[in-house]
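Written out below as structure tokens is the structure these notes cover.
Since the structure is predicted, the reported quantities are computational estimates derived from the model, not experimental observations. Letters go in sequence order (proteins before strands), and every chain restarts at 1.
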Amino acid sequence: MPQLALHDSLTRRTAPFVPLDPANVRVYYCGPTVYDLAHIGNLRAMLSADILVRLLRALYPTVTFVRNITDVDDKINARAAERGIPIAELTKGTIADFHADLKALSVLPPDKEPRATDHVGEMIVLIARLVQSGHAYAADGHVLFQVAHFADYGALSGRDPDELRAGARVEVAGYKRDPGDFVLWKPSTPELPGWESPWGRGRPGWHIECSAMAHRYLGESFDIHGGGDDLLFPHHENERAQSLCGWPGSGFARIWLHNAMLLVDGEKMSKSLGNFYTVREILEEHPAEALRLLLLGTHYRSVLNFTREGLAEARRTLDRFYRAIERSAPAPGAPLPPAFLDALCQDLNTPGAIAVLHRLAEAALAGDRAAGAGLRAAGGLLGLLQADPSDWFQAGLDAVAVEQAIAARLAARKARDFARADAIRAELLADGVVLEDGPSGTSWRRA
RNA sequence: GGUCCGGUGGCAGAGUGGUGAUGUAGCGGACUGCAAAUCCGCGUAUGUGGGUUCGAUUCCCGCCCGGACCUCCA
């Protein structure tokens with residue numbers, strides 16, 4: 001087995017991954033705030049985690065993967081009010097949509113998917129610990145984390161606390177001792193979700209939930225914590241501060257992974273630019289597998305430029321891969337090609353791994369059955385190429401009608417009436433069917 | 001303004017202190033009645049100016065360009 005190396009945001013270096021407990025590798029990723037449909041940028045983070053966990057499962061006997069759901073948040077409250085529905089209805093529906101989208105993309109479910117609202121008790125316990133140890137203070141109905149009491153604050157995101165203070169561009173709430181102090185607990189109004197606490201009825205701040213849930217399911221120290229790099233600051237910086245102060249001497253996350261953002265047509269995805277895509281919108285027009293391949297075609301730490309052309313290209317690439325697989329019978333348990341695993345072990349180099357897939361496809365098309373089996377096995381680790389090739393090429397089309405047209409065309413060709421044969425082929429193409437004449441007859445697929 | 005990340009062929013996108021992957025697009029060819037698929041061949045790239053080095057795309061500095069973040073807040 002090759003040695004896995006990962007790039008740690010804290011040290012800004014790529015280093016060999018050494019699990020705390022090789023018998024149980026523990027991973028935490030920040031999941032969605034459930035107020036709206038997932039977009040392709042959200043998907044990228046979920047996919048990065050998915051590849052990491054799939055690879056870890058290939059390398060280690062047991063992996064515990066926790067990905068939370070944030071179901072208490074101001075954006076949720078606002079959206080529910082806007083739509084005139086109860087908060088619980090909004091979050092329930094959004095979670096169901098989220099799960100459906102991820103399933104379509106072959107993103108495997110986490111082992112634990114804790115919801116913030118189910119863990120407010122743990123959060124209150126942690127906040128109380130922080131207050132007791134002097135790292136947090138209550139003021140004006142809020143409880144705030146005192147940044148000045150954590151010497152290592154800023155280390156993860158590479159920020160100098162003094163500069164953060166000087167650069168504060170937002171008016172600072174009067175109850176804060178320091179502009180950098182952040183909310184652990186805040187008061188709630190009667191209409192909004194709230195829980196009784198030593199500081200009155202209120203609701204948790206954003207960061208505290210991940211600290212509490214990671215601790216509950218993974219312990220004081222665990223191996224990997226990840227998310228989009230927009231979460232690096234303040235979310236992860238604050239989470240780290242809370243956890244390291246709440247459980248002094250613990251390591252919290254040993255390695256931090258952050259995926260880069262996604263651009264659409266070279267620009268930031270935004271609703272005002274009209275280039276904002278939900279996962280669902282893309283899936284209406286393209287196979288989920290093409291979207292998955294496209295997103296894996298860029299290394300997770302590089303900015304990914306999403307285009308429609310790229311999506312079409314990914315689909316054509318899959319056509320070729322499925323052609324290669326079609327030539328060799330499924331071989332369950334086929335070993336993963338070493339070059340493929342090596343690429344993934346180099347900080348999850350999915351583009352490099354896909355390049356190996358191309359080489360395997362070339363060999364498989366030339367008749368190498370082992371390469372075909374290796375291609376399917378490697379594709380499986382990436383969550384690709386698991387469909388039946390005939391489904392990939394022909395699903396959703398009327399096979400009987402196509403076969404009849406092919407028979408008619410064959411008759412015309414035998415009679416050397418090529419004008420008629422070509423007309424039939426053109427009609428099929430207009431219906432989205434491409435014909436391929438080979439030595440063993442004519443086969444067909446969707447365009 | 002501050003901090004951080006990045007700029008590779010038409011496009012997408014890796015690796016690397018010593019002949020620059022892979023895909024796609026383009027061109028030529030084989031195969032085909034013609035296509036499609038497949039196969040063979042060809043061409044084009046390291047933003048810019050310095051520095052270190054025998055040698056820099058890779059390491060260092062400046063500049064230009066792109067992106068993220070700048071704390072529950074619009």
Side-chain angles (χ1 to χ4, degrees), chain A residues 9 12 73-75 77 142 144-145 147 153-154 156-173 176 178-186 203-208 228-238 241 258-263 266-268 293-294 296-299 301-307 309-314 316-317 319-321 323-324 326-327 339 343 346-347 349-359 361-362 365-367 393 412-413 416-419 421-422 425-426 428-429 433-439 442-445 447:
Chain A
S9 304
R12 292 180 187 75
D73 172 90
D74 288 344
K75 288 193 288 284
N77 299 339
H142 294 68
L144 293 122
F145 183 89
V147 169
Y153 192 79
L156 177 60
S157 56
R159 278 155 219 266
D160 179 339
D162 292 332
E163 285 179 3
L164 285 173
R165 220 162 284 146
R169 66 177 182 186
V170 181
E171 195 183 337
V172 178
K176 289 188 179 181
D178 189 295
D181 293 351
F182 55 88
V183 173
L184 300 173
W185 188 262
K186 56 188 167 185
R203 51 204 167 108
W206 174 31
H207 317 300
I208 197 72
D229 72 10
D230 55 341
L231 297 182
L232 188 55
F233 188 87
H235 186 53
H236 288 163
E237 188 73 54
N238 291 353
H258 290 93
N259 60 275
M261 298 291 97
L262 171 151
L263 300 179
E267 293 187 282
K268 185 179 179 180
L293 178 63
L294 175 61
L296 294 180
T298 301
H299 183 83
R301 284 192 291 112
S302 296
V303 174
L304 185 159
N305 187 24
F306 178 92
T307 63
E309 297 74 47
L311 209 42
E313 184 181 324
R316 287 193 298 269
T317 298
D319 284 347
R320 180 172 164 88
F321 287 167
R323 253 177 225 118
E326 208 167 22
R327 288 179 151 255
Q346 287 164 30
D347 195 30
N349 186 351
T350 49
I354 291 167
V356 175
L357 259 42
H358 281 287
R359 290 206 288 276
E362 186 176 19
L365 285 165
F393 287 120
R413 290 179 72 207
R416 301 200 64 80
D417 182 357
F418 294 120
D422 290 350
R425 185 170 63 195
L428 285 171
L429 185 60
V433 175
V434 176
L435 298 188
E436 294 176 1
D437 296 327
T442 298
S443 62
W444 61 279
R445 62 182 168 89

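The minimum heavy-atom distance linking Glu237(A) with Gly154(A) is given by the pair OE2-N, 2.7 Å. Heavy atoms only, all atoms of each residue included: Ile354(A) and Leu293(A) are closest at CD1-CD1, 3.7 Å. In plain terms, the two heavy atoms of Asp437(A) and Thr442(A) that are nearest each other are OD1-OG1, 2.7 Å.
Of the residues near RNA chain B, Leu294(A) and Leu231(A), the one whose nearest nucleotide (by heavy atom distance) lies more toward the 5' end is Leu294(A). Closest-nucleotide positions on RNA chain B for Asp437(A) and Val183(A) were compared, and the one nearer the 5' end corresponds to Asp437(A).
Looking at heavy-atom distances under 4.0 Å, Leu435(A) makes contact with a base. Residue contacts for His235(A): at a heavy-atom cut-off of 4.0 Å it reaches no nucleic acid atom on any strand shown.
Side-chain atoms of Asn349(A) come within 3.5 Å of backbone atoms of Gly352(A) as a donor-acceptor pair (strictly under, hydrogens ignored). Formation of a donor-acceptor pair under 3.5 Å by the Lys176(A) side chain with backbone atoms of Asp181(A) is found in this model.
Looking at Arg301(A), its side chain has no donor and acceptor atom pair within 3.5 Å of the base of rG6(B). Scanning atom types as modelled, no donor and acceptor separated by under 3.5 angstrom connect the side chain of Asn305(A) and the base of rC11(B). At a cut-off of 3.5 angstrom, counting only N and O atoms as typed in the model, there is a donor on one side and an acceptor on the other between the side-chain of Arg425(A) and the base of rC34(B). At a cut-off of 3.5 angstrom, the base of rA37(B) holds no donor-acceptor pair with the side chain of Arg323(A). The base of rG15(B) is not paired with the side chain of Asn349(A) by any donor and acceptor separated by under 3.5 Å.
Cation-pi check for Arg159(A) over Phe233(A) is met; the charged atom lies under 6.0 angstrom from the ring centroid and within 45 degrees of its normal.
The distance between atom CG of Asn77(A) and atom C1' of rC73(B), rounded to the nearest whole Å, is 15 Å. When the P atom of rA37(B) is taken as reference, atom CG of Leu429(A) falls 11 Å away, rounded to whole Å.
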remark   = Under a 4.0 Å heavy-atom criterion, the protein footprint on nucleotides 60-66 of chain B, written with B, S and -, is -------
message = Can you build the contact string for nucleotides 16-30 of chain B? Use B for base contact, S for sugar-phosphate-only contact, and - for no protein heavy atom under 4.0 Å.
response = -----BSBS------
ask   = Can His207(A) and His236(A) be said to form a ring pair (Phe, Tyr, Trp, His ring centres under 6.0 Å), step by step?
value = CA-CA 8 Å; His207(A) 317 300; His236(A) 288 163; 9.3 Å; no
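With rA68(B), rC70(B), rC4(B) as the candidates, the nucleotide lying closest to the side chain of Pro234(A) is rC70(B). Distances were taken from every side-chain heavy atom of Lys186(A) (C-beta onward) to each of rG2(B), rC34(B), rC72(B); the shortest belongs to rC72(B). Nearest nucleotide to the Asp229(A) side chain, out of rA36(B), rC72(B), rA68(B): rA68(B).
rG6(B): Watson-Crick or G-U partner is rC65(B), with both key distances under 3.5 Å.
Residue Ser302(A) places at least one side-chain N or O closer than 4.0 Å to OP1 or OP2 of rA14(B).
Trp206(A) and His235(A) have their aromatic ring centers within a separation under 6.0 angstrom.
Rounded to whole Å, the C1' atom of rU8(B) lies 11 Å from the corresponding atom of rG15(B).
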